[in-house]
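Start at 1 and go down the list; that is how both ligands and their atoms are numbered. This one's a predicted model, so the numbers in the text were calculated from it and none came from an experiment.
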Amino acid sequence: MNGRRFVRQTVLPEVGEEGQKRLGKATALVAGCGALGTHAAELLARAGVGRLLLVDRDLVEETNLHRVALFTPRDLGRPKAEAAAKRLASIAPEVSITPHVAHLGPDLALDLVSGVDIVLDGLDNLETRYVVNDACVKHGVPWIYTAVLGTQGMTMAVRPGEGPCLRCLFPTPPPPGAIPTCAEAGILGPVPAALAALEVASAIRILSGTPSESGRLVYLDLWTGQAEAVPTARAPDCPCCCGNRFEFLSPRPHTARLCGESVQVLPHKRAPLDLADLAARLAPLGRARVAHGVLVAELEGVLLTVFPDGRAVVKGVSDPAQAQALYDRYVAR
Ligand SMILES: [Zn+2]
């Protein structure tokens, strides 16, 4: 690698040669590879962060393309984590990149978080953010909470032991349906890019060894241009960072409503599934094929996407019980 690649960054007194070396030795987990996650992953790779882990459970869809980085129409139907890793490898070949096409549940979160220096939020749902918050506080790993919707976004660095965690601010997740999804409320293309820039700046600051900046929630509205930094504090009764109770790391229900009219169904047991075998079994009942390592089947007017780990996304239903029933009928044996 040409030694001049990072010269405009190392000349900054805020980073310097020493900070750049620390970035090169650091490992960052990007949780979610949608719009926020792809912009964040590209900025981290270009900044010289040495190792990136990417986790995402979904496939690239046409409706993602107006706001993401890294993906092109050729990536439609591919797992997001793998498509992102492939593109990043050409942008920054010296960075070690490991994609995980998986649901970031408690087991995987604990496993991955224990081996990284920082976690960046690219998630599209609150449930998983509480899982990540618990795993990060438990392992003492900093993470950058970031959320976007409509024309706005917000971000806060969580530094366990130093400042507030997600549950200090929002003690419990709102009930399902209380917050509109991006499918319902829409999202302005530049919003995730701007919020990803803020969260990666926080990550570079932390990874390069700059003292704490915890206790500040930054709001940004890209449409009005309004920005605000609100001071935040630890809640003395926070069950997570003050009580050491990690309630979101316990086993969770097997179904979850996703953005849009779709439901994710988790297998009861973690075991690899033979997708070719399943496709052959489903073929007489509807249309079923395996492409890019996932099975896609059209059955009873719904679209069923099944991953090698046994997880499925049922598109075309919003009732978790109905999705579970379809899963039990066609996938579980
Ligand atoms: Zn807390």
Side-chain angles (χ1 to χ4, degrees), residues 26-32 36-37 40 53 55 103-149 152-179 195-196 198-220 227-253 256:
T27 301
L29 166 63
V30 179
L36 260 181
L53 309 186
V55 188
H103 168 67
L104 193 58
D107 291 351
L108 186 61
L110 278 170
D111 191 25
L112 295 182
V113 167
S114 66
V116 304
D117 300 295
I118 198 161
V119 179
L120 285 95
D121 189 343
L123 297 164
D124 64 356
N125 69 93
L126 266 170
E127 168 89 17
T128 311
R129 287 194 175 99
Y130 282 82
V131 172
V132 167
N133 187 67
D134 271 5
C136 285
V137 172
K138 185 169 184 169
H139 285 301
V141 171
W143 79 286
I144 320 290
Y145 159 69
T146 309
V148 292
L149 192 68
Q152 305 173 345
M154 58 182 163
T155 182
M156 182 183 81
V158 174
R159 306 199 71 173
E162 293 181 30
C165 78
L166 181 66
R167 294 197 73 185
C168 291
L169 266 63
F170 310 111
T172 53
I179 294 182
L195 270 293
L198 285 178
E199 78 167 333
V200 172
S202 282
I204 291 175
R205 188 183 154 108
I206 291 170
L207 293 174
S208 63
T210 305
S212 181
E213 52 146 340
S214 58
R216 195 184 57 173
L217 182 68
V218 177
Y219 286 97
L220 193 57
E228 200 178 348
V230 180
T232 55
R234 286 180 86 176
D237 58 349
C238 173
C240 176
C241 71
C242 294
N244 283 319
R245 291 203 313 279
F246 305 111
E247 295 159 359
F248 292 87
L249 297 179
S250 310
R252 310 300 295 168

**Student:** Do side-chain atoms of R129 reach the backbone of T146 as a donor and acceptor pair under 3.5 angstrom?
**Tutor:**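 It does hold such a pair.
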**Student:** State, to 0.1 Å, how close I206 and I144 come at their nearest heavy-atom pair, and which atoms those are.
**Tutor:** CD1-CD1, 3.9 Å
**Student:** What residues form a ring-ring contact (aromatic ring centres under 6.0 Å, His included) with Y130, not counting sequence neighbours?
**Tutor:** F248
**Student:** Please report the closest heavy-atom contact between A235 and C168, naming both atoms and the distance.
**Tutor:**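 So the minimum-distance heavy-atom pair works out to N-SG, 3.4 Å.
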**Student:** Which atoms of the protein, restricted to N, O or S, are nearer than 2.8 Å to the Zn ion (ligand 1)?
**Tutor:**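 For the Zn ion (ligand 1), the protein N, O and S atoms that sit under 2.8 Å away are C165 SG, C168 SG, C238 SG, C241 SG.
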**Student:** For R216, does the CZ atom have more than 12 heavy-atom neighbours from other residues, nucleotides or ligands under 6.0 Å away?
**Tutor:** no
**Student:** Counting N and O atoms only, with roles assigned by atom type, does the side chain of D121 sit under 3.5 Å from a partner on the main chain of W143, one being a donor and the other an acceptor?
**Tutor:** no
